[in-house]
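To start, the structure itself, in structure tokens.
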Amino acid sequence: MEKRWWKEAVVYQIYTRSFKDSNADGIGDIPGIIEKLPYLDELGVDLIWLNPIYRSPNDDNGYDISNYRDIMAEFGSMEDFDRLLDACHRRNMRLIMDLVVNHSSDEHPWFQASRSARDSYYRDYYVWRPGRENGPPNNWRSFFGGPAWDLDSETGEYYLHLFSPKQPDLNWENPRVRREVRDIMRFWLDKGVDGFRMDVINLISKVDGLPDGRDPEGLTGHEFFANGPRLGEYFGFIKESLTGYDAVSVGETVLADLETVAGYVDEKNGFLNMAINFEHVSLDRDRGSFDPIELDPRRLKENLAAWQRRLDGRGWNCLYLSNHDQPRQVSRFGDDRRYHQESAKMLATLLHTLQGTPFIMQGEEIGMTNVAFESIEEYRDISTLNYYRERVDSGEDPAAIMQRIHVCSRDNARTPMQWDTSVNAGFSSGRPWIGVNPDYASINAASQYENPDSILNYYRKLIRLRKAHPLIVYGDFVELDRENPRLFAYERLWGEAKLRVVLNLSSTEAEGQMPPLGTEARPLIGNYPDQARPEGGVLLRPYEAICYLDNRAY
Ligand code: TEU
Ligand code: CA
């Protein structure tokens, strides 16, 4: 397997708006990030992914960009950004930007010109079609609810928006659009950024003729807008735009299965270095992202293991359990009450010992939990607000809707970072743009910093171990006790060296059968004070994580 810096990196995701506010306006900002770089450096992360920080009217918190070469005023200035990038590089940390080019904001000058006249030079920068029988051109639905089309009165045609009406889809068929994207990429690469996380990048090619979707429920039309026919060509263009730079490409690939993604990230013939896939975060959802169903741990481990096996030696995994679109992982896959510490650490062990690059969502390293705001007024996320309105309009009981929002809302991960016990968790001395999770008195970075057994210090240790042992990065993946319904057990093999990891994914004791372990094997890290040797019949406590290393080879 090829050695690359981004395989050895640990990513820390910063949702700037909620990270650290430096000027008391209630909104996190770039100077706030600079202030906290020593914290990230000590944690050991070495690659920062910034959610969009470009100029934006914030219909979807920055995923609607009105100027790709400017910084959102609330976040600071271009000088602040340059200072941040420089400060990262001086600490040997890299930084990647979010590249959002499936769509722009409707307030982008391109769209303003595009909508102004059918013969505008910019008309074909977007996807315009005449309506059909007094309705939209086809039956496609948007990710945020409602039809994927809006009628624009100025020219009497509809434009496509797979997300909000304020996020019109760019028309990648137009070579001028592709060249614009290349110029934007080069602008940031020439500044020195180290690559991109590419937003919904497998949606940029749509099937010719934009046919009606066959699936009347859910995301109607997905078979015609995801993984489209010209995607390979467009991916090739993006890949070529990166040549000459030592930059990483992380694609966010929605509605794509393992085989499809394996093609995109194939080390020989693929286009992306790695992909943020959705299969494992869809197992506990029924049809939509607001329909929670019980998760069988067995399905989770089977899914993760399938991705490990398929990509081993052929492609590269993004390892994540949460991000700004997903609920908090300890609340979702662990138990944020009875086993907060144990389950947060077990999930961390999982992310840091599988093959791939771990992605830490800000606050995850201190075990931040889901929030449950009482009133819909306290929510900010467009998809949550749309969902609420849609369900209320269809006559559903608001209390039942709120319950699902508590479990599933994207705002769960967007509450302010909990730095300490001071006002607003030390995030801001002003009024935060979104409420602080009331559990900050017990869950915050300052108190965990002091405590050697904290979740924070467990993350630091895991990251250090990853840097010390190439096997954790490059070792092959072999699963053990595959039929076990609650234990996820595997080995990482690298030459003579071997790491054995056994994880209890459940809240009850669970037993497993492990092959003998070499006599040289020693405990490496675990989330209970003492750990059993993981061989023969072994009993794990709730959410226990055991790691043994046999490093004869080094
Ligand atoms: O997310 C893509 C995406 O598919 C999500 O909207 C997903 O459907 C939803 O979060 C499920 O809960 C990316 C960004 O990560 C997201 O923040 C943006 O809203 C979206 O693209 C549009 O740019
Ligand atoms: Ca601010």
Side-chain angles (χ1 to χ4, degrees), residues 1-7 49 52 65 68-69 94 96-104 110 124-127 160 162 168-210 222-278 307 310-311 313-318 356-357:
M1 193 178 310
E2 254 188 285
K3 288 200 166 178
R4 303 295 295 272
W5 65 262
W6 41 264
K7 295 183 179 174
W49 154 30
I65 296 168
Y68 288 93
R69 292 182 177 77
R94 289 179 167 94
I96 62 174
M97 301 287 279
D98 216 308
L99 184 71
V100 188
V101 289
N102 174 69
H103 43 268
S104 74
W110 298 335
D124 288 340
Y125 270 48
Y126 296 87
V127 184
L160 178 68
L162 293 180
D169 278 52
L170 284 160
N171 176 21
W172 274 73
E173 309 257 303
N174 183 345
R176 295 205 302 266
V177 167
R178 304 201 288 271
R179 283 196 294 270
E180 297 274 13
V181 171
R182 167 170 299 177
D183 290 348
I184 292 165
M185 291 174 69
R186 295 263 163 92
F187 173 84
W188 292 99
L189 290 166
D190 289 338
K191 271 189 174 291
V193 309
D194 301 288
F196 298 99
R197 175 269 189 190
M198 301 171 179
D199 192 57
V200 289
I201 200 63
N202 64 324
L203 300 185
I204 59 181
S205 164
K206 283 86 178 174
V207 168
D208 263 351
L210 313 180
H222 59 87
E223 68 277 37
F224 299 122
F225 60 68
N227 314 302
R230 293 183 71 181
L231 191 58
E233 185 192 332
Y234 301 161
F235 270 165
F237 183 86
I238 290 172
K239 184 174 174 180
E240 198 190 290
S241 306
L242 291 167
T243 50
Y245 299 91
D246 189 14
V248 65
S249 59
V250 181
E252 188 204 27
T253 50
V254 281
L255 303 163
D257 62 15
L258 173 52
E259 263 325 292
T260 307
V261 174
Y264 299 160
V265 301
D266 187 87
E267 225 163 65
K268 286 206 189 71
N269 306 310
F271 304 99
L272 299 169
N273 294 140
M274 52 183 137
I276 299 173
N277 104 79
F278 283 72
W307 282 73
R310 176 65 181 83
L311 297 186
R314 292 191 280 174
W316 199 249
N317 283 292
C318 282
T357 298

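- The ring-ring contact (aromatic ring centres under 6.0 Å, His included) search around Phe224 returns none, not counting sequence neighbours.
- Contact annotation: the side chain of Met198 never approaches that of Val101 to less than 4.5 Å [non-hydrogen atoms, C-beta and beyond].
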### Task
Would you sort out whether Phe196 and Val250 count as a side chain to side chain contact (heavy atoms under 4.5 Å, CB included), showing the intermediate values?
CA-CA 6 Å; Phe196 298 99; Val250 181; over 6 Å; no
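- In terms of heavy atoms, Asn171 sits closest to Asp124 at ND2-O, 2.9 Å.
- Judged purely by distance below 3.5 Å, without hydrogens or angles, the side chains of Glu180 and Tyr125 pair a donor atom with an acceptor atom.
- Interatomic distance, OG of Ser249 versus CE of Met274, reported as 8.0 Å (0.5 Å rounding).
- The CH2 atom of Trp316 lies 7.5 Å from the CH2 atom of Trp6; values are rounded to the nearest 0.5 Å.
- A pairwise comparison of heavy atoms in Asp98 and Pro52 identifies OD2-CD, 3.5 Å as the closest pair.
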### Message
Does Tyr245 form a side chain to side chain contact (heavy atoms under 4.5 Å, CB included) with Met185? I'd like the steps, not just the answer.
### Response
CA-CA 11 Å; Tyr245 299 91; Met185 291 174 69; over 6 Å; no
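- Annotation: the span from Lys239 atom NZ to Leu272 atom CG amounts to 9.0 Å, rounded to 0.5 Å.
- By the ring-ring contact (aromatic ring centres under 6.0 Å, His included) test, Trp307 pairs with no residue at all, sequence neighbours left out.
- Scanning all heavy atoms of the two residues, the minimum distance from Ala247 to Gly195 falls at CB-CA, 3.7 Å.
- Between Arg178 and Glu173, none of the side-chain N atoms (NZ, or NE/NH1/NH2) sits under 4.0 Å from a carboxylate O, so this pair counts as no salt bridge.
- The shortest distance between side-chain heavy atoms of Ile204 and Ile201 falls below 4.5 Å.
- No hydrogens or angles considered: a donor-acceptor pair under 3.5 Å links the side chains of Asn102 and Asp169.
- Note: Glu252 CD to Leu203 CG = 8.0 Å, rounded to the nearest 0.5 Å.
- Under the side chain to side chain contact (heavy atoms under 4.5 Å, CB included) rule, Phe225 has a single partner from Leu210, Leu255, Val207, which is Leu255.
- The list of salt bridge (charged side-chain N to carboxylate O under 4.0 Å, His left out) pairs with a residue in residues 263-274, not counting sequence neighbours, reads Lys7-Glu267.
- The distance from the CD1 atom of Ile276 to the CZ atom of Arg197 is 5.0 Å, given to the nearest 0.5 Å.
- Ring geometry for Trp172 against Phe237 counts as perpendicular: the plane angle is over 60°, on a 0 to 90° scale with 30° as the lower cut.
- Heavy atoms only, all atoms of each residue included: Ser241 and Leu189 are closest at O-CD1, 4.1 Å.
- Of the candidates Asn202, Asn277, Asn273, Asn227, Asn227 is the only one forming a side-chain hydrogen bond (donor to acceptor under 3.5 Å, both in side chains) with Tyr264.
- Residues His103 and Asp199 are in side-chain contact: their nearest non-hydrogen atoms beyond the backbone lie under 4.5 Å apart.
- Between Ser104 and Tyr126, the side chains place a donor N or O and an acceptor N or O closer than 3.5 Å (distance only, hydrogens not considered).
- Atom CZ of Phe187 sits about 9.0 Å away from atom CE of Met97, to the nearest 0.5 Å.
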### Message
Val248 vs Trp5, test: side chain to side chain contact (heavy atoms under 4.5 Å, CB included). Steps then yes/no.
### Response
CA-CA 9 Å; Val248 65; Trp5 65 262; 3.7 Å; yes
### Message
The test is side chain to side chain contact (heavy atoms under 4.5 Å, CB included); show your working for Lys206 and Arg230 and say whether it passes.
### Response
CA-CA 8 Å; Lys206 283 86 178 174; Arg230 293 183 71 181; over 6 Å; no
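- In terms of heavy-atom proximity, Pro229 sits nearest to Ser205 at N-OG, 3.4 Å.
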